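One-based numbering along the sequence shown. Below, each value reflects all heavy atoms present in this structure, side chains not excepted, and no hydrogens, waters or symmetry copies. Just so it is clear, the model here is predicted, and its values are computed rather than measured. Atoms within a ligand are numbered from 1 in the order they appear, just like the ligands themselves.
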Amino acid sequence: MKIFAFSIREDEIPYIKSWQKDHSDVEVGFTEKPLTPDTAIEATGSENIVVYQQLDYSSEIFEALAEVGVKTLSLRNAGVDNVDFESAGKFGFQFSNVPLYSPQAIAEQSVTMLQRLLRRSKELDTKVAKGDLRWTPTIGREMRVQTVAVIGTGNIGRLAIKILQGFGARVIAYDKYYHPDIERQKLYVETLEDIFSQATAILLHTPSVPELYHMINATSIAKMQDDVAIVNQSRGDLVDIDAIIAGLDSGKIFGFATDVLEKEVGIFNEDFTDKPLPTCIADLIARENVILTPHTAFYTETAVRNMIILAFDAAKTFAERGIPKTLVRY
Ligand code: COI
């Protein structure tokens with residue numbers, strides 16, 4: 001049995017080796033190259049492939065994989081929004097993902113970013129680096145006097161709520177599907193309008209689905225409290241970035257922290273130290289009240305280990321003609 005993995009980074013190799021040691025009956029191959037119609041051929045002779053990429057899984061990719069006899073893909077990440085399921089279905093592909101590699105990693109970063117915005121840490125760090133050790137005017141806001149709205153109460157959102165409650169924040173929540181723990185705590189408000197009118201800070205933890213496209217836009221921002229802080233550690237297309245920039249310019253938005261952007265593919269996880277950044281990103285980075293991280297909320301040792309181990313486990317199950325627990329139903 002052979003499993004082949006694409007887009008493997010240096011930091012993932014020790015976990016692959018460790019998995020391989022525990023599964024000596026499986027031959028494992030990997031490449032640092034992403035899966036494309038041209039690289040698919042490297043999977044020849046493998047029952048299954050393990051992949052992570054932000055590029056779309058397109059019809060051309062499925063065709064190239066089918067030609068080399070691969071029909072199952074084990075994604076080593078959670079989101080499946082870049083899979084063309086219509087084409088995949090035509091070729092009869094099956095997928096698994098790793099939905100729970102570490103919800104904690106994202107929830108921790110989300111609350112940390114809110115805390116950084118409220119305490120104006122980017123501004124303060126810049127001042128201190130220049131030798132300006134004065135307090136004013138960089139006064140912060142405390143968590144316990146915030147009404148923090150968590151939109152999306154899946155695994156990540158619920159952990160974020162727990163961490164926020166540890167800080168003493170008043171939490172309100174919104175989701176189309178109620179979770180019993182959050183319901184028991186009476187945290188749900190009925191509508192997004194309630195969220196926008198009550199929250200002094202908003203954390204986004206929903207998946208990218210068509211009905212939530214640009215849910216944060218000029219109209220919703222206008223309904224928010226003045227000086228609202230917004231944190232997006234979920235998906236870039238939940239937010240109309242031009243509306244955010246307008247809200248930052250007008251002073252309506254106190255601060256914005258984002259780990260994701262709608263057009264991040266080909267930009268995040270690339271080195272721009274010797275070339276110009278795209279204008280919108282340069283603009284965001286230059287702002288004292290914006291914290292931009294390049295899709296690193298997931299990037300912890302624990303998460304990366306779990307992504308590899310759980311994706312290879314699922315790949316092995318597929319290769320043995322079984323159904324992994326994390327089969328993606330579409
Ligand atoms: C996901 O797991 O869906 C993520 O967004 C993290 C990915 C960039 C590895």
Does any N or O atom in [X] lie less than 3.5 angstrom from one in ligand 1, N or O only?
X: Y101; value: yes
X: G79; value: yes
X: M307; value: no

Under a 4.5 Å side-chain heavy-atom rule over Ile, Leu, Val, Met, Phe, Trp and Tyr, are V209 and L204 clustered together? yes

Answer side chain, backbone, both or neither: which part of Q54 comes under 4.0 Å from ligand 1, heavy atoms only. neither

Which segment of R76 sits under 4.0 Å of ligand 1 when only heavy atoms are counted: neither

Nearest heavy atoms of T39 and K33, plus distance in Å: CG2-CD, 3.9 Å

For the pair F62 and F91, name the ring-plane relationship: parallel under 30°, tilted 30 to 60°, perpendicular over 60°. tilted

In terms of ring plane angle, is the pair F312 and W19 parallel, tilted or perpendicular, where the classes change at 30° and 60°? tilted

R305, CZ atom: more than 12 neighbouring heavy atoms under 6.0 Å: no

With a sphere of 6.0 Å drawn around CZ of R119, does it hold more than 12 non-hydrogen atoms of other residues, nucleotides or ligands? no

Check ligand 1 against A78 and write out every atom of the ligand that is under 4.0 Å from a heavy-atom position of the residue. 1 (C), 2 (O), 3 (O)

Measure the distance from atom 7 (C) of ligand 1 to every protein heavy atom, then report the residue, atom name and distance (to 0.1 Å) of the closest one. Y52 CE1, 3.7 Å

